[in-house]
Novice: 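This is the structure I want to talk about, given as structure tokens.
Chain A is the first sequence line, chain B the second, and so forth, proteins listed ahead of strands; every chain is numbered from 1.
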Amino acid sequence: MKRKIPVLITFVVGSVLILSVFFPPIETWGEDFSIFFDIIAVFAFFLGGGNLLRIHTKKAIKRQKDWGFSIVTVLGFIIMLIAGLFKVWNDGGIAGDVAAPGSLFQMMYNWIFTPLGATMYALLAFFVASASYRAFRAKNVGATILLVASFIILLGRTPLGTYVTGWIPKSLSIFNIPDLAIWIMTAPNLAGQRAIMIGIALGVVSMSLRLILGVERTYLGVDNE
Amino acid sequence: MAVTKKISLLILAIVIVLFAVSWIAKTGTFEDTGMPLGLSVRDGFLVTFAAFLTLSIFSFLYKDNPYYKFAEHLFVGVSAAYWMCVGFWSTFVGNFIPKVSEGLSNFFEVPYKGFDVFYFIPLILGIMLLLRMSSKIGWISRWSLAFIVGTTAGLNLIRYMRSDFISQVSNTFVPLVVDWQGFGAFFSDLSLNASGQLIMTMSNWVIFIGVFCGIIYFFFSKEHSGFFGGASKVGIWVLMVTFGASFGYTVMGRVSLLVGRLTFLFHDWLGLIN
Amino acid sequence: MMHKLLIVMCLLFIAGAGYVSAEEIPDSLKPALPSDITIYPDSGGNVAVIYWFPSADDGAGKNIVTGYALYRSPSPKGSFEVIDTVPPGPNRYIDFLPIDTTVVDSGAPFSPAPVTEVTLADKDNDHGHAVIVKWKTSADDIAGSPSNRVLAYNVFRAESQSGPYLMRGQSASGDTQYDDVGSKEREARDYMPDYTDYYYIIRTKTIEYHPGHKDYFYIVRSITDNPDNYRETSPLQFDGTIYTDSQVYGPVQCFGQWFNSGLIPVLIFVICFTAITVFMIFRARRGAELFVRRLAGIEAVDEAIGRATEMGKPILYVLGLGTAAEIATIASFTILGRVAKKVAEYQTGLIVPCYDPIVMTVAQETVKASYMDAGRPDSYDENMVYFVTQSQFAYVAAVNGVMLRELPATNIYMGKFFAESLILAETGALAGSIQIAGTDEIAQIPFFVVACDYTLIGEELYAASAYLGREPVLLGSLKAQDYAKAAVMIIAIVGFITINLNWDWFVNLFRVAN
Amino acid sequence: MSNLGLIISLLIIGAGLLWLLIRSLQGKEVERRIIFLFIGLAVSVPLLFNITFSEKATPIVKALYDKIDNLPEGSNILLSFDYGPTMAPEVQPMSDVLIRHVLAKNHHLFLMGLWATGQSLGAEAVDRIIKGDFPEKIDGIDFVNIGYKAGNQGVLNVIVTDFRKLYATDVGGRDLDSLPIFNGIKSLKDMDLLISVGGGFPGVKEWVQFAGDPGNVPTGGGSAAVSAPLLYPYYPRQMLGLMGGIKGAAEYESEFKRHYERFKDMPEPGVKMMGPQTLAHLVIMAFIVIGNLSYFFGKKGKQS
């Protein structure tokens, strides 16, 4: 009972959505169900926020390692939540845009959220360098191909490629590094992408089918029935 | 132990002093632009604080440290609340309330769009999800999971079949020889544009064989040996070109991000460049 | 000590941030605007018809609209003069334009030829509520030529032959078709019921003016009892150029089709694939031996768990940034289930930080189930699976912290990953962990391939969940996938041949209509 | 003065790399933090001393440029801001130059976003570019920003048939029907060109799959470099052109400036950013070489 009904729900919902694509009278159900999913996700925020608060307050109360930082998390969370839900300093009142200019919410977004996110993202510049140093080594055929392809593309993305191979006549321009880089991007790269894409499409279709047919159901967990 | 503690206190002192100096200096700069004192103090603080957070994250590259921990924990708290608020206002108040309750619509001052009984489905499923917190009837939350998974499976099956699978397969139907104009013309032009038939023809062959061998690599129910093994080896090489090329191509974007952050530090904060 | 100072700084920020200023009537208290405002000429251009649908606050909502004021000006930035105030309710106002009669009309006035051969038909393959209007362009429409004097066609529709006709939309000169798509919602403003007679007029608009005629701009204002409390539109253009109306065409009715025949190729593929899958699953159930090749990344998982046990360090399992509505995430749950079971058997630690609350829910369920399966329900700890935040980089910052502080022996990344893939994998490498990754996000596979020890590429991620289960039904569906791949290759070869022989019909089979 | 600084910094980078190269010949590995330091230098130096190079448009960028240039005046072009502030440094130059180009050609410009963050970025672009460079353009007549709705590709699913089902108003709260620019615009199908600028999910791919394909509307894009190769398979059949990464932006900027005299002094963040790019790429390539050298020499050392 606890397990059969969910499997049945998945089957019915999945099949109906597949059929809805082919039948104009119900073709908008896909849209409606997408909106439903977003609404359910809002309820789930409570689960997430609750879990976050529970873990960090527990850490702070029990004075576990780094407990002080947990207080920072809790404070940041509560202040941002109040700023957003009550629209603190928002000129528009309750109907105003939650991120209206001048509101506390927008201020915290601009001066805490944004710089932190952008900086985390910017760390990637350092990591691509350390990863290429560590991993691009001609250890075997596959690794060498990986190395050469990326080296040509790197060259092609700089004016250096043009300086080194700019003398090549137009009729042989494929040996010109920037052109070669584009060719790699549009031919072999495309082939690889497409093979992966077709594979993924089949994988998704097959996995979806397994879910709808109820043969794959780890996501439901088990119970003691 | 005592020494490291002293050093970290010393560093903290330096950070606090620098922070204060920057706050005062930035307040001064903002005031010079004619901003009232109150606002200048506020913006001076905000810019300094953002710079402090930026540098705290960068300090992670050296090693884990309390400043990174502070930034990390603050980020987690603020961002979790950010998405909760956005979800609440845009989805819950924006899409849900106007379909179920006129009173609440008026309260939140959003236009009421007429009662729609179907919108009780997500409401019920959402509440079921919350019932997880009870250990007795927590199992009922699986119904909403089943609904979500069913929706996903149904939508994805058709979408991938239609857009990725059928389109990509039909894109592989490429002419074997492009625009044939005789051998002389064929071999004399090795350029990458509309006139270079050899390269275009070669591209088509590479794409066709590449996709073919790539798919063979993904065969699961056949041992990779003999012809199959050879083809799947070519397949993995094609994939390696793809990975190498994608990696090399991405470096540029990653460097741009760093440029953005350094511009913030050099321009917005320190005022070194314009 | 350090903690407290940092907290003080945090509070200082909040204190320093306050600043409030507001004196006007808040936007939220102002009345809503009327909607569907259309303005077009009539009576040979001597009058402007202004049509609107009442404001949401007219007789409903806040119910404060006491009427609408109309303003007119010859320029959008000029001074608008009030022309009239009308009571609430739906309205169609006719404004007599101040035509300058002193200008003498020299010569015969230009008048474009009307469109001809108008055909009206229900739109195919849809849910109804739409009519396709086609016409032969005006004889004066020389589209593409710089001397073309025809600007556009306006499509008007009415429910009775005598009107009133309301403007539905516009097509550019040279166009011969307008899809008049209405709403199927009964309460929607442009609800277009099926099985109702519709009549159409197509107006040919030019770029020229009769002498004395010109464009005007209108502002419509929702007014209330308080003269300071109103809301008005931005200036709306009235186009005063010369036009010619076609004769009335119709009636036509629209209706829905029950089946979208344009999608038949997709349907065929779905049916074939489902049939093969079901067939293979049945065969597998009856005990057919199915071979599945080795997946290095998955075999490495067991090894890595052993290693973690020896080292006495935990395993970090990252489900990625996908929601529970992502197939990759669902595949990852299966792998997590397997990992958790091994972990429970070996009594190793497991850390699962989650990005999405629903994913967290499912992951808790999965891990708990695995611990029960392994016969160790007592070792299950709710805190193994926890929520971090639903923000990409904050999540990464936190997971990075976990990697450097807990120093897990193995990091497993399975699911949807975006830009954070390399940040995670490089930090993991820095911490000296063995790393196993799998994602179907094509752009991120290269980073995992470069920085991790083992990577499941795309489809392998889905296959892994079937492979791990080792259940015949799952292996059966893998086999079906392989048959589909073989079919793809055959189709590709046939397509390759047919396109070189210029047989377009085969290629066209793969064109999916809408 | 700045030349002196430039020369000294380049010398430091060069000498440092040379030293690492010599060490690598002895089979020694480079520590991670040293690599980080070099990347930091390679990016800061061109920023502080302002080095730029001019670009030429590649066909895939040119295709998008030509489409906008060749559409008749008054065409409806939709630009979607599908990115957040974190990605802005890379893709904002694209949306900037696109806005300039579209308005310079007197097309109608519709702005929206599939990312929550896109709404304010769109509004910010209006303030910065349109109010600055095109003061004569009127909000609601020549351009409009309808903002963000949650739902990712689900939004596209809806507005490909009807804007008004999700969007009642623009970001200013004005009813869509009250805006002249929306006259005769019902859904995405009424657009002449859709452009998504972004680099994650949802992004150009979703626009192609859920709007361009089903609606039969030409679709182009600007994408962060990371996801651009992933989009090539859609080119040219399902996606007419693409700016890939900052280089794509720089190419578009150069192309636009070459043809529009009026904008020859406009800021060109894309072109400007190519300076640090070049140096950073060189440093990374140097490290790949160094890594391989130390791999081979280090291995030899162990074997002997």
Novice: Considering only heavy atoms and a distance below 4.5 Å, find which of A:Val13, A:Leu123, A:Thr119 pairs most often with chain B.
Specialist: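 Top count of heavy-atom pairs under 4.5 Å with chain B: A:Thr119.
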Novice: Check step by step if ring-ring contact (aromatic ring centres under 6.0 Å, His included) holds for B:Phe147 and A:Phe33.
Specialist: CA-CA 9 Å; B:Phe147 176 84; A:Phe33 279 44; 5.4 Å; yes
Novice: Nearest 0.5 angstrom please: B:Thr152 OG1 to A:Met207 CE, how far?
Specialist: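 So the OG1 of B:Thr152 and the CE of A:Met207 are separated by 10.5 Å.
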Novice: Return the option, out of B:Phe60, B:Phe264, B:Trp83, with the maximum number of heavy-atom pairs under 4.5 Å with chain A.
Specialist: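 Top option by heavy-atom pairs under 4.5 Å: B:Trp83.
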Novice: When you look at CZ of A:Phe46, are more than 12 heavy atoms from neighbouring residues, nucleotides or ligands closer to it than 6.0 Å?
Specialist: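 No, because the 6.0 Å sphere around CZ of A:Phe46 holds 12 heavy atoms or fewer from other groups.
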Novice: At a 4.5 Å cut-off on heavy atoms, which part of B:Ile216 comes close to chain A: side chain, backbone, both, or neither?
Specialist: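 When you check distances to chain A, no heavy atom of B:Ile216 falls under 4.5 Å.
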Novice: Tell me, side chain or backbone of A:Phe113 under 4.5 Å from chain B's heavy atoms, or both, or neither?
Specialist: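 For A:Phe113, the contact with chain B is made by backbone and side chain together.
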Novice: Could you check A:Phe37 against B:Leu155 for side-chain contact (heavy atoms from CB on, under 4.5 Å), going step by step and ending with a plain yes or no?
Specialist: CA-CA 12 Å; A:Phe37 175 72; B:Leu155 288 177; over 6 Å; no
Novice: Do you know which of A:Val42, A:Thr144, A:Ile152 has the most heavy-atom pairs under 4.5 Å to chain B?
Specialist: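 Heavy-atom pairs under 4.5 Å are most numerous for A:Val42.
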Novice: Could you look at A:Val128 and say if it's the side chain, the backbone, both or neither that has a heavy atom under 4.5 Å from chain B?
Specialist: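 Both parts, backbone and side chain.
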Novice: Give, for atom CD1 of A:Ile9 and atom CD1 of B:Ile148, the distance between the pair rounded to the nearest 0.5 Å.
Specialist: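 One finds 11.0 Å between CD1 of A:Ile9 and CD1 of B:Ile148.
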Novice: Below 4.5 Å from any heavy atom of chain A, which atoms of B:Leu129 appear? Answer side chain, backbone, both or neither.
Specialist: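 Both backbone and side chain.
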Novice: Please look at A:Phe105 and chain B and tell me whether the side chain, the backbone, both or neither of the residue comes under 4.5 angstrom of a heavy atom of that chain.
Specialist: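 Looking at A:Phe105, just its side chain touches chain B.
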Novice: Is A:Leu85 in contact with chain B via its backbone, its side chain, both, or neither, using a 4.5 Å heavy-atom distance?
Specialist: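 Both parts, heavy atoms under 4.5 Å.
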Novice: For A:Pro6 and B:Ala146, which heavy atoms make the closest approach, and how far apart are they?
Specialist: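 Taking A:Pro6 first and B:Ala146 second, the nearest heavy atoms are O-CB, 3.2 Å.
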Novice: Report which part of A:Tyr121 has an atom under 4.5 Å of a heavy atom belonging to chain B: side chain, backbone, both, or neither.
Specialist: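 Interface part for A:Tyr121: both.
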Novice: Pick one of side chain, backbone, both or neither for B:Phe247, based on which atoms fall under 4.5 Å of a heavy atom in chain A.
Specialist: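 For B:Phe247, the side chain is the part near chain A, not the backbone.
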Novice: Please state whether the side chain, the backbone, both or neither of B:Tyr68 comes within less than 4.5 Å of a heavy atom of chain A.
Specialist: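 For B:Tyr68, the contact with chain A is made by the side chain alone.
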Novice: Tell me whether the centres of the aromatic rings in A:Tyr109 and B:Tyr82 are closer together than 6.0 Å.
Specialist: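 When the ring centroids of A:Tyr109 and B:Tyr82 are compared, they turn out to be within the sub-6.0 Å range.
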Novice: With a 4.5 angstrom heavy-atom cut-off, could you sort out which part of B:Phe212 is near chain A: side chain, backbone, both or neither?
Specialist: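 Answer is neither: B:Phe212 stays 4.5 Å or more from chain A.
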Novice: Heavy-atom distance under 4.5 Å to chain B: side chain of A:Leu81, backbone, both or neither?
Specialist: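 Both the backbone and the side chain of A:Leu81 come within 4.5 Å of chain B.
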Novice: Distance check, rounded to the nearest 0.5 Å: B:Arg142 atom CZ versus A:Thr10 atom OG1?
Specialist: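 B:Arg142 CZ to A:Thr10 OG1: 12.0 Å, rounded to 0.5 Å.
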Novice: Considering non-hydrogen atoms only, spot the tightest contact between A:Met80 and B:Ala81 and give its length.
Specialist: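 Of all heavy-atom pairs spanning A:Met80 and B:Ala81, the closest is CB-CB, 3.5 Å.
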Novice: By a 4.5 Å heavy-atom criterion (distance strictly below it), what part of A:Val205 contacts chain B: side chain, backbone, both, or neither?
Specialist: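 Answer is both: backbone and side chain atoms of A:Val205 are under 4.5 Å from chain B.
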Novice: Could you look at A:Ile196 and say if it's the side chain, the backbone, both or neither that has a heavy atom under 4.5 Å from chain B?
Specialist: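 Looking at A:Ile196, backbone and side chain both touch chain B.
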Novice: Which one of A:Ile78, A:Ile184, A:Leu52, A:Ile212 has the most heavy-atom pairs closer than 4.5 Å to chain B?
Specialist: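 Of A:Ile78, A:Ile184, A:Leu52, A:Ile212, A:Ile212 has the most heavy-atom pairs under 4.5 Å with chain B.
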Novice: Is A:Phe127 in contact with chain B via its backbone, its side chain, both, or neither, using a 4.5 Å heavy-atom distance?
Specialist: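 Only the side chain of A:Phe127 comes within 4.5 Å of chain B.
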Novice: Out of curiosity, A:Ile40 CD1 to B:Leu145 CG, how far, rounded to the nearest 0.5 Å?
Specialist: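 One gets 9.0 Å once the value is rounded to the nearest 0.5 Å.
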Novice: Look at A:Phe22, A:Phe43, A:Phe11, A:Trp29 and state which one has the largest set of heavy-atom pairs under 4.5 Å with chain B.
Specialist: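 The option with the most such pairs is A:Phe43.
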Novice: Can you say whether B:Tyr217 sits under 4.5 Å from chain A via the side chain, the backbone, both, or neither, judging by heavy atoms?
Specialist: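 Interface part for B:Tyr217: neither.
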Novice: Specify the closest pair of heavy atoms between B:Gly244 and A:Ser150, including all atoms of both residues, with the distance to one decimal.
Specialist: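 B:Gly244 and A:Ser150 have their closest heavy atoms at O-CB, 3.0 Å.
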Novice: When only pairs under 4.5 Å are counted, which of A:Gly199, A:Ala143, A:Gly142 shares the most heavy-atom pairs with chain B?
Specialist: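 If we count pairs closer than 4.5 Å to chain B, A:Gly142 comes out on top.
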Novice: Could you tell me which portion of A:Leu53 (side chain, backbone, both or neither) has an atom closer than 4.5 angstrom to a non-hydrogen atom of chain B?
Specialist: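 The answer is neither part of A:Leu53.
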Novice: Is B:Leu123 close to A:Ile39 at the side-chain level, that is, under 4.5 Å between some pair of heavy atoms?
Specialist: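 Result no, sub-4.5 Å side-chain heavy-atom pair not found.
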Novice: Could you pull out the closest heavy-atom pair between A:Phe45 and B:Gly87, with the gap in Å?
Specialist: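 What the structure gives for the nearest pair is CE1-CA, 3.8 Å.
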Novice: Calculate, to the nearest 0.5 Å, the distance between atoms CZ and CG belonging to B:Phe118 and A:Asp32 respectively.
Specialist: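 The distance works out to 8.5 Å.
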Novice: What part of B:Phe75 lies closer than 4.5 angstrom to a heavy atom of chain A: side chain, backbone, both or neither?
Specialist: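 For B:Phe75, backbone and side chain are both near chain A.
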Novice: Report the C-alpha distance between A:Phe126 and B:Leu258 in whole Å, list the side-chain angles of each, state the deciding distance to 0.1 Å, and finish with yes or no for side-chain contact (heavy atoms from CB on, under 4.5 Å).
Specialist: CA-CA 9 Å; A:Phe126 298 99; B:Leu258 182 56; 3.7 Å; yes
Novice: Side chain, backbone, both or neither: which part of A:Leu116 has a non-hydrogen atom closer than 4.5 Å to chain B?
Specialist: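 Looking at A:Leu116, backbone and side chain both touch chain B.
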Novice: Determine whether a donor-acceptor pair (N or O, by modelled atom type, separation under 3.5 Å) exists between the side chain of B:Trp89 and the backbone of A:Gly84.
Specialist: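 Checking the backbone N and O of A:Gly84 against the side chain of B:Trp89, a donor-acceptor pair under 3.5 Å is found.
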Novice: Please verify the inter-ring angle class for A:His56 with B:His73; under 30° counts as parallel, over 60° as perpendicular, anything in between as tilted.
Specialist: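 A:His56 and B:His73: perpendicular rings.
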Novice: Show me the donor-acceptor pairs within less than 3.5 Å that the side chains of residues 232-239 of chain B make with the rest of the protein, sequence neighbours left out.
Specialist:
unit_1, atom_1, unit_2, atom_2, d
B:Ser232, OG, B:His224, ND1, 3.3
B:Ser232, OG, B:Gly229, O, 3.2

Novice: Please name the pair of heavy atoms, one in B:Thr242 and one in A:Gly192, separated by the smallest distance, quoted to 0.1 Å.
Specialist: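 Closest approach of B:Thr242 to A:Gly192, heavy atoms only: OG1-CA, 3.2 Å.
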Novice: Measure the CZ-CD1 distance between A:Arg194 and B:Ile215 for me, rounded to the nearest 0.5 Å.
Specialist: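 Rounded to the nearest 0.5 Å, the CZ-CD1 separation comes to 10.0 Å.
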Novice: Between B:Val93 and chain A, which part of the residue has a heavy atom less than 4.5 Å away: side chain, backbone, both or neither?
Specialist: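 Contact with chain A is absent: no heavy atom of B:Val93 under 4.5 Å.
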